[in-house]
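We count ligands from 1, going down the list as the structure has it; atoms in each ligand are counted the same way.
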Amino acid sequence: MSMIVRRLSRAATAGLVAAAALTAAAHSAEAADTLGSAAAGQGRYFGTAVAASHLGESDYAATLDREFSSVTPENEMKWDATEPSRGSFTFTSADRIVDHAQSQGMDVRGHTLVWHSQLPSWVSPLGAQDLRTAMNAHINGLMGHYKGEIHSWDVVNEAFQDGGSGTRRSSPFQDKLGDGFIEEAFRTARAADPAAKLCYNDYNTDGVNAKSNAVYDMVKDFKSRGVPIDCVGFQSHFNSNSPVPSDYRHNLQRFADLGVDVQITELDIEGSGSAQAADYTKVVEACLAVSRCTGMTVWGVTDKYSWRSGGTPLLFDGDYNEKPAYGAVLSALGGSGGPGDPGDPGDPGDGASCTATYTRTADWSSGYNGQVTITAGAEPISSWTATVTLPAQQSVSSLWNGTPTWSGNVMTVRPSWNGTLAAGASTSFGFTAAKNGSDAAPTVGTCTAS
Ligand code: 9MR
């Protein structure tokens with residue numbers, strides 16, 4: 001058997017849990033106007049998925065550390081990352097996240113122990129008995145390493161089929177071990193770390209439907225037979241094809257009524273502006289209306305690193321500006337100091353913010369028309385400034401709906417008549433440029449607002 005590369009129990013060896021608890025108290029006392037502290041005021045955590053590879057980026061880490069009270073490693077605790085070959089555990093990336101979280105007084109959600117996806121190739125060919133042994137060894141290896149350090153574990157992830165039938169999804173575990181694999185995983189998990197909340201986690205179970213009914217029946221059965229389960233995670237990946245269900249709160253409540261906690265585990269909502277903000281408000285309000293909804297996790301810090309980055313589904317844009325959705329969440333959580341309040345640590349200026357995006361609206365051989373759309377953040381604004389850097393050869397012959405000043409090939413544009421924007425509202429300016437041999441796109445810099 002190969003060497004198991006792990007410390008037996010990080011908490012036991014380093015006394016980190018006690019240290020983290022102390023820092024946690026300081027964390028929530030200091031920051032009264034952040035997602036984490038506002039949620040704490042409601043008795044909830046507010047978390048985010050985190051990638052170890054971004055922790056070294058100062059703006060990423062600053063936003064993470066300021067706003068969130070819980071983290072979920074986005075990929076680093078998955079089977080392929082932690083046990084790439086049988087019996088050989090590697091925790092380097094996951095440890096980085098856990099260490100970072102603890103140094104900031106944040107809690108950690110464990111994601112995930114048994115899942116059909118991101119499985120290393122050695123797992124699928126195993127015969128039934130061997131697979132059972134490997135599954136239990138994996139649970140014991142991971143949970144043992146982090147014993148006492150994880151508030152909730154996604155023990156089994158996405159074991160039910162999408163669509164109308166409410167049947168189990170085909171996977172090596174389901175196909176070889178049968179329906180009982182989930183129960184076995186939960187029993188093994190309870191013994192491995194009795195302090196961790198044990199969750200079943202899935203998507204498209206956010207409203208009442210055949211899939212959520214099947215999960216509901218399983219949880220009910222587990223509770224009636226004493227199979228250890230403490231919580232159900234609702235991933236809550238929403239977009240126009242899968243909107244926030246109108247019976248979301250009702251669905252959370254019916255699970256809670258079975259005697260389990262519910263958690264919103266991977267929240268993201270594609271969209272922008274006030275419509276996205278309104279959807280986020282619905283989700284937060286649903287959780288707050290269910291006393292056993294113990295916390296929410298968004299699936300990433302910034303739009304630019306989201307698994308659905310094209311859908312801009314998160315609370316901070318690619319420049320870490322607070323989006324209207326951020327203000328909506330903070331306010332739904334009862335946060336006292338949203339953007340615009342003096343003292344809001346996320347926005348130390350006057351709270352005004354904006355984003356600028358560029359599109360080419362017309363194109364011909366010697367020139368083009370460009371358009372820059374300015375969108376106000378979570379607060380109304382009375383003015384904005386956007387910079388546009390043109391390729392050196394190009395020159396601008398006319399500009400409308402804005403007032404430019406020039407420094408070399410950098411054009412700084414301020415409003416002409418269109419400085420005042422409501423929260424989340426947009427305006428745009430346009431310009432005609434001569435290519436002079438370069439067809440490259442201009443670069444739009446950070447938008448500033450007042
Ligand atoms: O966000 C994760 C992405 O970086 C990975 O490439 C992907 C691989 O499957 O997993 C994503 O996270 C998923 C999560 O683990 C389970 N629920 C769905 C999430 C989004 O796909």
Nearest-contact summary for [atom] - protein heavy atom, Å:
atom                    : value
atom 2 (C) of ligand 1  : E74 OE2, 3.4 Å
atom 12 (O) of ligand 1 : W299 NE1, 3.3 Å
atom 17 (N) of ligand 1 : E266 OE1, 2.7 Å

Mind telling me whether W79 and H138 have parallel, tilted or perpendicular rings, with 30° and 60° as the class edges?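 Ring orientation, 0 to 90° scale: parallel.
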Taking non-hydrogen atoms only, is N75 closer than 4.0 angstrom to ligand 1 via side chain, backbone, both or neither?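 N75 to ligand 1: side-chain contact only, backbone stays beyond 4.0 Å.
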Between Y203 and ligand 1, which residue portion shows a heavy-atom distance shorter than 4.0 Å: side chain, backbone, both, or neither?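 Answer for Y203: neither.
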Residue of the set V215, T205, T167 for which side chain to side chain contact (heavy atoms under 4.5 Å, CB included) holds with F160: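 That would be V215; it is the only one of V215, T205, T167 passing the side chain to side chain contact (heavy atoms under 4.5 Å, CB included) with F160.
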Check side-chain hydrogen bond (donor to acceptor under 3.5 Å, both in side chains) between N136 and all other residues, then give those that pass, not counting sequence neighbours.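 If we apply the side-chain hydrogen bond (donor to acceptor under 3.5 Å, both in side chains) test to N136, skipping adjacent residues, the hits are E184, T188.
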Could you name the option among H111, E158, Q118 that has the heavy atom nearest to atom 7 (C) of ligand 1?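 Result: the heavy atom closest to atom 7 (C) of ligand 1 is in Q118.
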Please verify whether a non-hydrogen atom of K78 lies at under 4.0 Å from ligand 1.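 K78: in contact with ligand 1 (<4.0 Å).
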Are any of the heavy atoms in N157 under 4.0 Å away from ligand 1?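 Distance cut 4.0 Å: N157 passes for ligand 1.
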As a quick check of understanding, evaluate side-chain hydrogen bond (donor to acceptor under 3.5 Å, both in side chains) for S69 and R44, giving each step before the final call. CA-CA 9 Å; S69 57; R44 268 79 172 181; over 6 Å; no
So if I count the atoms of ligand 1 from 1 in the order they appear, which ones are less than 4.0 Å from some heavy atom of [X]?
X    : value
Q235 : 17 (N), 18 (C)
H237 : 18 (C), 19 (C)
W307 : 1 (O), 20 (C), 21 (O)

Quick one: is the NZ or CZ of R254 closer than 6.0 Å to the six-membered ring centre of Y216, and within 45° of its axis?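 Geometry flag: set, cation within 6.0 Å and 45°.
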State whether the number of non-hydrogen atoms from other residues, nucleotides or ligands found under 6.0 Å of K220 atom NZ is greater than 12.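 Check fails, neighbour count at 12 or below.
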Using distance alone, decide if ligand 1 has a nitrogen or oxygen within less than 3.5 Å of any nitrogen or oxygen in W115.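 No; every N/O pair is 3.5 Å or more apart.
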Of T82, D80, N75, the residue whose pairing with K78 passes side-chain hydrogen bond (donor to acceptor under 3.5 Å, both in side chains):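 Exactly one candidate clears the test, N75.
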Trace of the salt bridge (Lys or Arg N to Asp or Glu O under 4.0 Å) decision for D99 with R96: CA-CA 5 Å; D99 289 345; R96 245 187 109 193; over 6 Å; no
